[in-house]
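As structure tokens, the structure follows; a few thoughts come after it.
Quick caveat: nothing in here was measured; it's all calculated off a predicted structure.
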Amino acid sequence: MKESWDRFRLLESPLFQPLHPVISQLATDRFPVLQNWNDLLQISPITNQNGCNIQFVPQGTGQLPFEMQYEPRCYLAGEIQTRSGNWHDLFNALVWLTFPRAKSAINACHYSALAGMTTSAESDGSQRGSVRDTSTLLDESGVVVPYSDQGLAELLRNFKWHHLFWKRRSEVLQGMGFYILGHGLYEKALRPYVGMTGQGLLFRVESGFFDWPLADRLAHLDILLADHLNCSGRYLSTRELSPVPLLGIPGWAPENELAEYYDNMAYFRTKRRVR
């Protein structure tokens, strides 16, 4: 069953918090359309890394030449192909308006890889290449995780979920954040389920970061992520990403108010040992 547009439901959910500033500007009674996104771009224009102004356009059809395919067209012309009445593309537009620098950097990574302008320093057996694999994971399932306590970051990287989300619950609430980037994850969040997992990219921040207004936090994370992706001389790798069981994050599911919730080893998996 297709979900109906319910702006208030999205504004009440902590999973959609990064998108709240943009969602609050949309109409309450109808599913957003292309013109809504382009109207918002008139207020806050976005320029991609090729110097093109971003705009949302209808989805192309048929077999398209390279320059008219999704990522090349976005990079070369600033045109983001968007399907009407489609939740996946709606969330993609919302993320563009929320994390414009990061999305521009992801698009540039895709375009460079597709155009043969980048080569990976490693071989991971993927025909897509590690740059595109990592860019795609971030774009679809990414979660930006700022932290001020190195100990919390190590617990997350080592899959110590009970210790992190339960024993140090108050510290996580005060000194660690989870901001969904992936538009595919947002679509899944319309109907959250046990097993729902994001791919986290962690950034160290000052402790005062968590007291900033939401808009300032989002802007800072956008810069951190874009700078990370744009850093010359380094190559993206899926090994940079850490799984995050989203419904274990304090406050993101009512069930995780009980310690026993974290005993589900099928969801809160332990880290495999590497030989």
Side chains of [X] and [Y], heavy atoms from C-beta outward: is any pair under 4.5 Å?
| X | Y | value |
| --- | --- | --- |
| N256 | F165 | no |
| R204 | Y147 | yes |
| L181 | V143 | no |
| R169 | E257 | yes |
| E187 | E140 | no |
| E206 | W212 | yes |
| L214 | Q17 | yes |
| L164 | M176 | yes |

Going by the rule salt bridge (Lys or Arg N to Asp or Glu O under 4.0 Å), which residues pair with [X] if we only count those two or more places apart in sequence or in a different chain?
| X | answer |
| --- | --- |
| E67 | none |
| R101 | D222 |
| D149 | R168 |
| R269 | none |

Verify, without hydrogens or angle tests, whether [X] (side chain) and [Y] (backbone) share a donor-acceptor contact under 3.5 angstrom.
| X | Y | value |
| --- | --- | --- |
| E240 | S237 | yes |
| W96 | I54 | no |
| Q69 | L64 | yes |
| H183 | L90 | no |
| T136 | T134 | no |
| Q81 | G60 | yes |

Is it possible for you to say whether [X] and [Y] belong to one hydrophobic cluster, with membership spreading through side-chain heavy-atom contacts below 4.5 Å?
| X | Y | answer |
| --- | --- | --- |
| V57 | V95 | no |
| L173 | V205 | no |
| V194 | W252 | yes |
| I43 | I46 | yes |
| L40 | L11 | yes |

Without hydrogens or angle criteria, can the side chains of [X] and [Y] be said to hold a donor-acceptor pair below 3.5 Å?
| X | Y | value |
| --- | --- | --- |
| N92 | K103 | yes |
| N107 | R73 | no |
| T82 | D89 | no |

Check whether the ring centres of [X] and [Y] lie less than 6.0 Å apart, and answer yes or no.
| X | Y | value |
| --- | --- | --- |
| Y262 | Y267 | no |
| H110 | Y75 | no |
| Y186 | F16 | yes |

For this session: Run the numbers on W87 and F31 for side-chain contact (heavy atoms from CB on, under 4.5 Å), then give the verdict.
Result: CA-CA 9 Å; W87 276 105; F31 199 95; 3.6 Å; yes
For this session: Run the numbers on Y111 and N50 for side-chain contact (heavy atoms from CB on, under 4.5 Å), then give the verdict.
Result: CA-CA 10 Å; Y111 177 76; N50 194 36; over 6 Å; no
Salt bridge [X]-[Y], side-chain N to carboxylate O under 4.0 Å:
| X | Y | result |
| --- | --- | --- |
| E12 | R9 | no |
| K160 | E154 | no |
| E71 | R132 | no |

For this session: Test V145 against Y179 for side-chain contact (heavy atoms from CB on, under 4.5 Å), laying out the working first.
Result: CA-CA 6 Å; V145 184; Y179 300 79; over 6 Å; no
Exercise. Using 30° and 60° as the class limits, which term best fits the ring planes of W161 and F268: parallel, tilted or perpendicular?
Worked result: tilted
Exercise. According to the interplanar angle, ranging from 0 to 90°, do the rings of F203 and H228 count as parallel (below 30°), tilted (30 to 60°) or perpendicular (above 60°)?
Worked result: perpendicular
Looking only at heavy atoms, what is the nearest atom pair of [X] and [Y], with distance?
| X | Y | answer |
| --- | --- | --- |
| A27 | W5 | O-NE1, 3.0 Å |
| L202 | A153 | CD2-CB, 3.8 Å |
| R157 | S242 | CG-OG, 3.9 Å |
| G198 | L246 | N-CG, 3.9 Å |
| A102 | L229 | O-CD1, 4.0 Å |
| G142 | L185 | O-CD1, 4.0 Å |

For this session: Among residues two or more places apart or on two chains, list those pairs meeting side chain to side chain donor-acceptor pair (under 3.5 Å) that have a residue in residues 20-38.
Result: Q35-D39
To the nearest 0.5 Å, what is the distance between [atom1] on [X] and [atom2] on [Y]?
| X | Y | atom1 | atom2 | value |
| --- | --- | --- | --- | --- |
| I223 | F99 | CD1 | CZ | 12.0 Å |
| L247 | T197 | CG | OG1 | 8.5 Å |
| T98 | L221 | OG1 | CG | 11.5 Å |
| L190 | L10 | CG | CG | 6.5 Å |
| I106 | N48 | CD1 | CG | 13.5 Å |
| L19 | L94 | CG | CG | 5.0 Å |

Problem set entry | A259: side-chain contact (heavy atoms from CB on, under 4.5 Å) partners, not counting sequence neighbours | H162, W166
Exercise. Hey, mind stepping through S148 and F209 against side-chain contact (heavy atoms from CB on, under 4.5 Å) and telling me if it holds?
Worked result: CA-CA 8 Å; S148 59; F209 168 88; over 6 Å; no
Exercise. Counting only heavy atoms not in Q63, do more than 12 fall under 6.0 Å of its CD?
Worked result: no
